[in-house]
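Working notes for the structure below.
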Amino acid sequence: MKIATWNVNSIKARLENAVSWFREAKPDIACLQELKCEDSAFPTAAFEDLGYHCLVHGQKTYNGVAILSRMQPEDVRRGLPGDETDSQARYLEAVFSIPSGVVRVASLYLPNGNPVGTEKFAYKLAWMNRFENHVRHLLKLEEPCVLAGDYNVIPEARDARNPEAWLGDALYQPESRSKFRDLINLGLSDAIRQIHGDEAGLYTFWDYQAGAWQRNNGIRIDHLLLSPQAADLLADAQIMRDVRAQDRPSDHVPVMISIK
DNA sequence: ATGACATATGAGATATGA
């Protein structure tokens with residue numbers, strides 16, 4: 001059972017690239033972020049042709065998340081609870097039947113938060129607080145749960161090629177990293193770390209600018225956090241970095257796990 | 001280095017991203 005997360009940076013601009021990746025990687029469930037389109041503009045037919053159900057929570061121009069799956073989604077939740085005034089499409093959750101039982105999967109696009117010191121950074125921290133509250137609720141269910149997405153947080157220095165360059169950035173602020181650790185301390189497992197230990201040089205994002213890819217100036221900000229019941233099932237986790245070298249790539253690459 | 005690069009909107013220049 002393969003579950004992936006990928007910030008595509010516009011599904012319409014990435015369609016050819018994405019279809020090619022789905023054909024080769026064959027994920028059973030794929031969480032996508034930064035669709036940058038409304039539900040009605042999502043290229044549903046292209047993915048249905050590949051055998052996927054398309055669960056889409058879109059928004060014009062910005063944000064937008066989706067879960068594409070071989071199985072029918074059930075018990076769907078659109079949007080992160082905790083603030084009825086928040087209209088940004090950054091959270092989508094559903095339950096899927098799998099051979100070993102069920103798995104709950106969330107596709108999330110955590111706010112970037114730059115520049116630090118503005119209301120954008122306050123929104124990021126508030127969103128992380130709301131997310132933590134929701135995770136507390138999910139953990140009480142005691143079921144396999146995979147929280148996958150673009151967290152926009154560099155957890156540790158080893159998760160950046162040049163950590164000192166990110167000191168003033170919202171992705172590497174002490175508050176952002178502390179809130180991320182709070183999630184881990186609730187009992188969630190970072191799938192890449194569970195499989196790869198303290199290995200350095202594991203990145204999921206390379207900026208389009210200044211030859212970041214060519215210089216391997218990357219950061220690890222796309223994560224799959226697992227409930228204890230999902231962590232027990234984890235068999236593998238890989239960053240698909242070759243995707244960054246393709247024509248017209250997203251600045252993020254897919255991360256895919258395999259669970260029993 | 002208030003940059004670079006990519007995308008959406010909309011038809012030029014601006015907002016956003018990380």
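The analysis underlying the following values was restricted to heavy atoms, covering all of them including side chains, and did not include hydrogens, waters or symmetry mates. Residue numbers begin at 1 in each chain, while the letters A, B, ... track the order of the sequences. Everything quoted here is computed from the prediction, not taken from an experiment.
Among the atoms of the strands shown, base atoms are found under 4.0 Å from some heavy atom of N112(A). Contact annotation for N7(A): backbone-only contact, meaning every heavy-atom pair under 4.0 Å involves sugar-phosphate atoms and none involves a base. In this structure, D150(A) reaches the sugar-phosphate backbone alone: every heavy-atom distance under 4.0 Å involves primed, P, OP1 or OP2 atoms, never a base.
For S10(A), the side-chain atoms get nearest to dA8(B) when compared with the rest of dA18(B), dA6(B), dA8(B). Out of dA18(B), dT7(B), dA4(B), the shortest distance to the side chain of R248(A) is found at dT7(B). The listed nucleotides are dA18(B), dC5(B), dA8(B); the one nearest the side chain of W166(A) is dA18(B). Side chain of R14(A), nearest nucleotide from dA4(B), dA6(B), dA18(B): dA6(B).
A 6.0 Å sphere centred on CZ of R78(A) holds more than 12 heavy atoms belonging to other residues, nucleotides or ligands. Atom CD of E84(A) has 12 or fewer neighbouring heavy atoms from other residues, nucleotides or ligands inside a 6.0 Å radius.
Pairs engaging residues 229-249 of chain A under the ring pair (Phe, Tyr, Trp, His ring centres under 6.0 Å) rule: none recorded [sequence neighbours left out]. For the side-chain hydrogen bond (donor to acceptor under 3.5 Å, both in side chains) condition, the pairs that include at least one residue of residues 136-160 of chain A, sequence neighbours left out, are N7(A)-D150(A), R104(A)-E143(A), E132(A)-R136(A), E156(A)-R158(A), D159(A)-R193(A), D159(A)-R220(A). Under the side-chain hydrogen bond (donor to acceptor under 3.5 Å, both in side chains) criterion, the residue pairs touching residues 110-119 of chain A are N112(A)-N114(A), N114(A)-D169(A), with sequence neighbours excluded.
N152(A) has its CG atom 15 Å from the P atom of dT16(B), to the nearest Å. If you measure from atom CD of Q33(A) to atom C1' of dA18(B), you get 15 Å, rounded to the nearest angstrom. Between the P atom of dT16(B) and the CG atom of L35(A) lies a distance of 19 Å, rounded to the nearest Å. In this structure, the CD atom of E34(A) is 11 Å from the P atom of dT7(B), given to the nearest Å. Between F205(A) atom CZ and dA6(B) atom P the separation is 12 Å, expressed in whole Å. Atom CG in D207(A) sits about 13 Å away from atom C1' in dT16(B), given to the nearest Å. Y208(A) has its OH atom 18 Å from the C1' atom of dG3(B), to the nearest Å. Atom CD in Q59(A) sits about 12 Å away from atom C1' in dA8(B), given to the nearest Å.
Note: W213(A) and W206(A) have perpendicular aromatic rings, judged against thresholds of 30 and 60 degrees for the angle between ring planes.
Between K12(A) and Y109(A), the residue anchored nearer the 5' end of DNA chain B, judged by the nucleotide with its closest heavy atom, is K12(A). If K60(A) and Q88(A) are placed on DNA chain B by their nearest nucleotide, the residue sitting closer to the 5' end is K60(A).
Cluster partners of Y62(A), using a side-chain heavy-atom cutoff of under 4.5 Å among ILVMFWY residues and allowing indirect links: none.
dA4(B) and dT9(B) are spaced 22 Å apart, taking the C1' atom of each and rounding to whole Å. Across the P atoms, dG10(B) and dT16(B) are found 15 Å apart, a figure rounded to whole Å. As rounded to the nearest Å, dA18(B) and dG3(B) have C1' atoms that lie 15 Å from one another.
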Would you tabulate the nitrogen or oxygen pairs shorter than 3.5 Å linking the protein to nucleotides 12-15 of chain B?
none

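A donor-acceptor contact under 3.5 Å is not formed by the side chain of N9(A) with the base of dA6(B).
Note on H252(A): a side-chain N or O is less than 4.0 Å away from OP1 or OP2 of dA18(B).
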Which atom pairs, one a donor and one an acceptor, fall under 3.5 Å between side chains of residues 46-53 of chain A and the rest of the protein, sequence neighbours left out?
residue: Y52(A); atom: OH; partner: P27(A); partner atom: O; Å: 2.6
residue: Y52(A); atom: OH; partner: R70(A); partner atom: NH2; Å: 3.4

